[in-house]
Amino acid sequence: MAIFRTADILIPQNIDFTKWSVVACDQYTSEREYWEDVKNIVGNEPSTLNIIFPEVYLDDGDGEERINKINATMEEYIKNGLFKEYKDTFIYVKRTQPNGKTRHGLIGMLDLEEYDFSKGSESAVRATEGTIIERIPPRQRIRKNAPLEIPHILILIDDREKAVIEPLEKMTDKFEKVYDFDLMKNSGHIVGYNVNDSAKNTVLSAIEKLADKDAFNKKYGVEDTGVLMFAAGDGNHSLATAKTCWEEIKKGLSEAEIETHPARYALVELENIHDAALEFEPIQRVIFDTEPQKLLDAFVEHYNASYTDNGGQRIDYVYAGNEGSVYVTETDSNLPVGTLQKFLDKYLTENGGRIDYIHGNDVVKNLAKAENTIGFMVGAMEKNDLFTTVIKDGSLPRKTFSMGEAADKRFYLECKKIR
């Protein structure tokens, strides 16, 4: 059976889609004003804001109350007939970003039995970054009793021939348009089409070719390794949470029930890494509640780093109006972000402080104006290196790259029943 397949997809009807659709919960985690503004925009209208847990609120101490309200609201939306169910289908998505570029995706479901996020995995579906196990339980509590999933997971394929998603663009006149609206807060525009039966079969046939072992070995110059068909480009921890919940659920199921249970499959958006609009942006680090100069001195000492360009990995810093760069040559990490993260993990464990992962250098510089705060910035990795790196070296350091800026992230929109 296909690893990526059609799904029964729920889309709300007779609502204001701009108010319905909000950005991924793990964005703007140090910018509470963003989410307060979203709350004001939504008001009392139906919205995915009411059925997600923005991570900016995780430390507010009202987690259980929020989760109970999320589950109750999901049940209410279902009971009140908010959704139309599109059976056994794909949704073709065209997302015009704030920069004017349009990227293309395909909503379907992924078989969690074919996904393994553990280190060294050779499964067909893999994580691209190291999974932080401690981040799963809070998300697990949200998903555990939820009747719906609303994904912000973006799954990448390395489709150099552009045979899976791209041909759909010429078929849209034969598809039913299911939504077409502006995303809130100047985040661009999105259009979705219900893919017809003929196009579904074309997609599935093209995906199957990605599983060809000989072609895979030739493409990446490898042997004796599992075929990587699907890489989690965004939403790594959401997908890992879905997998963890599924492993618990299936313990009480018969073999027949395991085959058909809705929680076995995670709703995702598939994108081609070769989509011209898809750009990798770096994810930066800001450290709060720390002594910036002490931390910086420790970093330089740890790696015997230099403040002058010696051809090493460049890592920029900013705090209290000070900006500069350090250069590291004595490291076992291939990427500057890995060099930085290894040090920060050790330093924060021993010295305290709080880290956040930030999109946009301007945001880093603004946050780093605060007392006892320092920001670090690195360059972006080359997106065409992703599959080869994951195949040969395993998962990247966590928070290595972002698929676009924060406003480009996937917005919650489509839903699927998981109970």
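Computed from a predicted model, the values in this text were never measured in an experiment.
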Visitor: So, are Lys243 and Glu247 salt-bridged, with charged N and O less than 4.0 Å apart?
Guide: yes

Visitor: Strictly by ring pair (Phe, Tyr, Trp, His ring centres under 6.0 Å), give each pair with a member in residues 43-79 just once, sequence neighbours left out.
Guide: Trp20-Tyr77

Visitor: Applying side-chain contact (heavy atoms from CB on, under 4.5 Å), name anything that partners Glu64, two or more places apart in sequence or on another chain.
Guide: Ile67, Arg141

Visitor: Between Asp408 and Glu405, is there a donor-acceptor pair closer than 3.5 Å when you use the side chain of the first and the backbone of the second?
Guide: yes

Visitor: Quick one: does any side-chain atom of Asp275 pair with a main-chain N or O of Arg103 as donor and acceptor, under 3.5 Å?
Guide: no

Visitor: Tell me, do Asp60 and Arg32 make a side-chain contact under 4.5 Å, heavy atoms counted?
Guide: yes

Visitor: Taking Thr128 for the side chain and Ala232 for the main chain, is one N or O donor matched with an acceptor at less than 3.5 Å?
Guide: yes

Visitor: Do the side chain of Asp111 and the main chain of Tyr265 share a donor and acceptor less than 3.5 angstrom apart?
Guide: no

Visitor: Measure up the Tyr412 and His152 rings against each other and bin them: parallel (under 30°), tilted (30 to 60°), perpendicular (over 60°).
Guide: perpendicular

Visitor: Any donor-acceptor pair under 3.5 Å linking the side-chain atoms of Asn196 with those of Ser198?
Guide: no

Visitor: Answer yes or no: does atom CG of Asp62 have more than 12 heavy-atom neighbours from other residues, nucleotides or ligands under 6.0 Å?
Guide: yes

Visitor: Do the charged groups of Asp234 and Arg410 touch, with an N to O distance under 4.0 Å?
Guide: no

Visitor: Do the ring planes of Phe17 and Phe181 sit parallel (below 30°), tilted (30 to 60°) or perpendicular (above 60°)?
Guide: parallel

Visitor: On the 0 to 90° scale, with breaks at 30° and 60°, tag the Phe230-Phe4 ring pair as parallel, tilted or perpendicular.
Guide: tilted

Visitor: Does the side chain of Tyr86 reach to within under 4.5 Å of the side chain of Thr6, using non-hydrogen atoms?
Guide: no

Visitor: Does Lys417 come within less than 4.0 Å of Glu85, counting only side-chain N to carboxylate O?
Guide: no

Visitor: I want to check something: taking the side chain as every heavy atom from C-beta on, are Arg264 and Trp246 in contact at a cut-off of under 4.5 Å?
Guide: yes

Visitor: Taking side chain as C-beta onward, heavy atoms only, is Leu110 less than 4.5 Å from Ile3?
Guide: yes

Visitor: Would a distance-only check, ignoring hydrogens and angles, find a side-chain to backbone donor-acceptor pair under 3.5 Å from Asn80 to Leu82?
Guide: no

Visitor: Under 3.5 Å, is there a donor-acceptor pair between the Ser30 and Asp356 side chains?
Guide: yes

Visitor: For Glu169 and Tyr92, which I'm curious about, is there any donor-acceptor pair between the side chains at under 3.5 Å?
Guide: yes

Visitor: Any chance the side chains of Thr339 and Gln313 put a donor and an acceptor closer than 3.5 Å?
Guide: yes

Visitor: Do the non-hydrogen side-chain atoms of Lys399 and Arg285 ever get within less than 4.5 Å of each other?
Guide: yes

Visitor: Taking Lys79 first and then Glu76, would you say they form a salt bridge - that is, a charged N and a carboxylate O separated by under 4.0 Å?
Guide: no

Visitor: Considering residues, nucleotides and ligands other than Glu382, do more than 12 of their heavy atoms fall under 6.0 Å from its CD?
Guide: yes

Visitor: With a 4.5 Å cut-off on side-chain heavy atoms, are Leu239 and Ile155 touching?
Guide: yes

Visitor: Please check this pair: side chain of Lys213 against backbone of Thr225, looking for a donor-acceptor N/O pair closer than 3.5 Å.
Guide: yes

Visitor: Which of parallel (below 30°), tilted (30 to 60°) and perpendicular (above 60°) describes Phe117 and Tyr115?
Guide: tilted

Visitor: Are Arg143 and Glu149 ion-paired here, with the side-chain N under 4.0 Å from a carboxylate O?
Guide: yes

Visitor: So do Leu10 and Lys84 actually touch side chain to side chain, heavy atoms under 4.5 Å?
Guide: no

Visitor: Between Gln341 and Asp345, is there a side-chain donor-acceptor contact under 3.5 Å, judged purely by atom types and distance?
Guide: yes

Visitor: Is a donor from one side chain sitting under 3.5 angstrom from an acceptor on the other, for Asp182 and Thr18?
Guide: no

Visitor: For the backbone of Asp88 and the side chain of Lys200, can you confirm whether one donor and one acceptor N or O come within less than 3.5 Å of each other?
Guide: yes

Visitor: Mark yes or no: Arg160 above the aromatic ring of Tyr220, with NZ or CZ under 6.0 Å from the six-membered ring centre and no more than 45 degrees from the axis.
Guide: yes

Visitor: Within the side chain of Gln13, is there an N or O that forms a donor-acceptor pair under 3.5 Å with the backbone of Ile11?
Guide: yes

Visitor: Tell me, do Lys185 and Val23 make a side-chain contact under 4.5 Å, heavy atoms counted?
Guide: no

Visitor: Is the shortest distance from a Lys or Arg side-chain nitrogen in Glu281 or Lys409 to a carboxylate oxygen in the other one below 4.0 Å?
Guide: no

Visitor: Counting distance only, does the side-chain N/O of Asp116 pair as donor-acceptor with the main-chain N or O of Ser123 below 3.5 Å?
Guide: no

Visitor: Identify whether the distance between the nearest side-chain nitrogen and carboxylate oxygen of Asp212 and Lys209 falls below 4.0 Å.
Guide: no

Visitor: Check this for me: does any side-chain nitrogen of one of Lys342 and Asp332 sit under 4.0 Å from a carboxylate oxygen of the other?
Guide: yes

Visitor: Hey, is Asp59 close enough to Arg354 for a salt bridge, meaning N to O under 4.0 Å?
Guide: no

